[in-house]
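Here the structure comes first, spelled out in structure tokens, and everything after it is commentary.
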Amino acid sequence: QVQLVESGGGLVQPGGSLRLSCAASGNIFSINIMGWFRQAPGKQRELVAQITNLGSTTYADSVKGRFTISRDNAKNTVYLQMNGLKPEDTAIYSCKLTAGGDGVAYWGQGTQVTVSS
């Protein structure tokens, strides 16, 4: 089993920055993909960014140039640096780990990000 714990959410003003962290623990297969998803009220959950164990990244078009995903494999932790935040970024952000060996996915509990004046 793998457990994921997110942190770093909060309330920020438009144009502000926030850094999310997701720490994984348990039986973690070295080959995996870790990503950040978000879900706003009344909207479907969407992929924000993801990163492989080798560092290959993918971003949603809406966050390109503003968000940066990174990971520290030694610490089994993935980060999401969010700059130039907009009100439409408001959502619950959840961390996901997909194991390369068996494809099993694990989810964190989520952390609230609110962008408002």
Side-chain angles (χ1 to χ4, degrees):
Q1 260 186 311
V2 174
Q3 291 182 311
L4 303 172
V5 180
E6 303 102 328
S7 62
L11 173 64
V12 295
Q13 294 186 339
S17 298
L18 211 56
R19 191 191 195 211
L20 306 182
S21 298
C22 173
S25 61
N27 190 203
I28 304 168
F29 191 60
S30 59
I31 302 175
N32 62 67
I33 299 173
M34 296 187 75
W36 289 95
F37 290 74
R38 68 185 181 187
Q39 186 167 29
K43 299 184 67 177
Q44 293 188 335
R45 184 166 58 191
E46 65 175 348
L47 173 68
V48 178
Q50 65 180 32
I51 184 169
T52 71
N53 55 288
L54 295 178
S56 297
T57 59
T58 301
Y59 295 93
D61 288 340
S62 60
V63 307
K64 286 182 179 177
R66 299 189 297 121
F67 291 9
T68 302
I69 189 170
S70 61
R71 63 187 291 166
D72 185 333
N73 291 337
K75 296 180 179 179
N76 293 133
T77 300
V78 64
Y79 307 93
L80 186 66
Q81 178 66 48
M82 304 184 292
N83 299 324
L85 284 163
K86 305 174 180 179
E88 50 262 46
D89 294 319
T90 296
I92 296 176
Y93 285 70
S94 300
C95 179
K96 180 185 180 182
L97 183 152
T98 304
D102 55 12
V104 174
Y106 303 91
W107 290 88
Q109 293 297 303
T111 184
Q112 177 71 47
V113 172
T114 302
V115 184
S116 176
S117 297

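- Put simply, F37 and L97 are part of two different groups of oily side chains (I, L, V, M, F, W, Y) that touch within less than 4.5 Å, one to the next.
- How far CD1 of I69 is from CE of M82: 11.5 Å, rounded to the nearest 0.5 Å.
- The local environment of CD in Q3 is sparse, with at most 12 non-hydrogen atoms from other residues, nucleotides or ligands closer than 6.0 Å.
- A continuous path of Ile, Leu, Val, Met, Phe, Trp and Tyr side chains, each step under 4.5 Å between heavy atoms, connects V12 with Y93, placing both in one hydrophobic cluster.
- The heavy-atom pair separating K43 from Q39 by the smallest distance is O-NE2, 3.2 Å.
- Between the OG1 atom of T111 and the CG atom of L18 there is a distance of 8.0 Å, given to the nearest 0.5 Å.
- Shortest non-hydrogen contact noted between S17 and N83 is OG-OD1, 2.9 Å.
- Formation of a donor-acceptor pair under 3.5 Å by the Q109 side chain with backbone atoms of E6 is not found in this model.
- Using a 4.0 Å cut-off between charged side-chain N and carboxylate O, D89 and K86 make no salt bridge.
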Would V63 and R38 count as a side-chain contact (heavy atoms from CB on, under 4.5 Å) if you check the C-alpha gap in whole Å, the side-chain angles of each, and the deciding distance to 0.1 Å?
CA-CA 12 Å; V63 307; R38 68 185 181 187; 4.0 Å; yes
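- N73 places a side-chain N or O within donor-acceptor distance of the main-chain N or O of N53, the cut-off being under 3.5 Å.
- In terms of hydrophobic clustering, with Ile, Leu, Val, Met, Phe, Trp and Tyr side chains grouped at heavy-atom distances under 4.5 Å, L20 and Y106 are assigned to a common cluster.
- Follow the hydrophobic side-chain contacts under 4.5 Å out from V78 and you reach I28 in the same cluster.
- M34 places a side-chain heavy atom less than 4.5 Å from the side chain of L4.
- Tested against R71 for a side-chain hydrogen bond (donor to acceptor under 3.5 Å, both in side chains), the candidates T57, N32, T52, N76 yield a single pass: N32.
- The shortest side-chain heavy-atom distance between T90 and Q112 falls under the 4.5 Å cut-off.
- A side chain to side chain contact (heavy atoms under 4.5 Å, CB included) with T114 is found for one member of L11, I92, L85 and no other, namely L11.
- No chain of hydrophobic side-chain contacts below 4.5 Å, direct or via other Ile, Leu, Val, Met, Phe, Trp or Tyr residues, connects Y79 to F67.
- Side-chain atoms of Y59 do not come within 3.5 Å of backbone N or O of R66 as any donor-acceptor pair.
- At a threshold of 4.5 Å between non-hydrogen side-chain atoms, the residues W36 and C95 count as touching.
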